[in-house]
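The chain is numbered in sequence order, starting from 1.
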Amino acid sequence: MTNLLTQAIILLYVTITSSELAMAQPTSKRATDNITKTNSVIKYVCIAISRIHLLSGRISHDTNFSTNKIMSAVRVISPKRVTNAIIKNNDISQLGDNEASENASIGACGKHYEGIGSDGVQGNIQILDTRIMVVEGNRVNSTPTYGIVTRSFDNRPTTAYQARNNPFAALNQNTLKLQ
């Protein structure tokens, strides 16, 4: 039986506008499993949906970020140190839009925009049917935009992932692997 203290399921329909961080599910001392974020509309944020870790070495299992509509964000979907992640049927638009009166990307992950930033994610990773579109106009060429970015996090590399049917438009690169 799964310990209820280490399990959290979030099934809410929410609309969030103009915030630095729309949804970050921090881990507990033992990490938190089975995190689900679905059917949300999120606009004008630096980070839309993130799975963050407060303690080094904690690993969460089974994260599902699906059927969300996210507009105008710097980093849109960002699981960190997760085993088994499903990112499916999301609509990401206006990636690279000005946020917080900034005309360049802000944050610890670099001076670029990311549709999906997979940090130290391992196991069964599925990125499916997620549309990633950048903002139109002069903004497109001023700061790099990437669809799916993978990197190590807390000495944990991101392993291979399955990506299918993800339409990208006007990105500098569809995928990017960082160390």
Taking a hydrophobic cluster as the set of Ile, Leu, Val, Met, Phe, Trp and Tyr residues connected by side-chain heavy atoms closer than 4.5 Å, whether directly or through intermediates, do [X] and [Y] fall within one such cluster?
X: Leu95; Y: Met133; answer: no
X: Ile77; Y: Ile125; answer: yes
X: Phe168; Y: Ile92; answer: yes

Using 0.5 Å steps for rounding, measure from the [atom1] atom of [X] to the [atom2] atom of [Y].
X: His112; Y: Asn172; atom1: NE2; atom2: CG; answer: 10.5 Å
X: Gln126; Y: Gln162; atom1: CD; atom2: CD; answer: 5.0 Å
X: Asn174; Y: Ile148; atom1: CG; atom2: CD1; answer: 8.0 Å
X: Ile127; Y: Asn165; atom1: CD1; atom2: CG; answer: 13.0 Å
X: Thr150; Y: Lys177; atom1: OG1; atom2: NZ; answer: 6.0 Å
X: Ile70; Y: Ser40; atom1: CD1; atom2: OG; answer: 8.0 Å

Could you check whether any side-chain N or O of [X] sits under 3.5 Å from a backbone N or O of [Y], counting only pairs where one atom can act as donor and the other as acceptor?
X: Thr158; Y: Ser118; value: yes
X: Arg151; Y: Gly117; value: no
X: Asn84; Y: Gly123; value: no

Where do Asn90 and Lys37 land on the side chain to side chain contact (heavy atoms under 4.5 Å, CB included) test, with the steps shown first?
CA-CA 11 Å; Asn90 296 288; Lys37 181 67 170 168; over 6 Å; no
Heavy-atom closest pair, residues Val121 and Ala85
CG1-CB, 4.1 Å
Closest approach of Ser152 and Pro157, non-hydrogen atoms and distance?
OG-CA, 3.3 Å
Chi angles and distances behind the side chain to side chain contact (heavy atoms under 4.5 Å, CB included) call for Val135, Ser72:
CA-CA 8 Å; Val135 68; Ser72 299; over 6 Å; no
Any side-chain heavy-atom pair of [X] and [Y] under 4.5 Å:
X: Leu178; Y: Tyr146; answer: no
X: Ile59; Y: Arg156; answer: yes
X: Lys88; Y: Asn64; answer: no
X: Ile132; Y: Ile116; answer: yes
X: Asp62; Y: Asp33; answer: no
X: Leu171; Y: Tyr113; answer: no

Do the charged groups of Arg131 and Asp91 touch, with an N to O distance under 4.0 Å?
yes
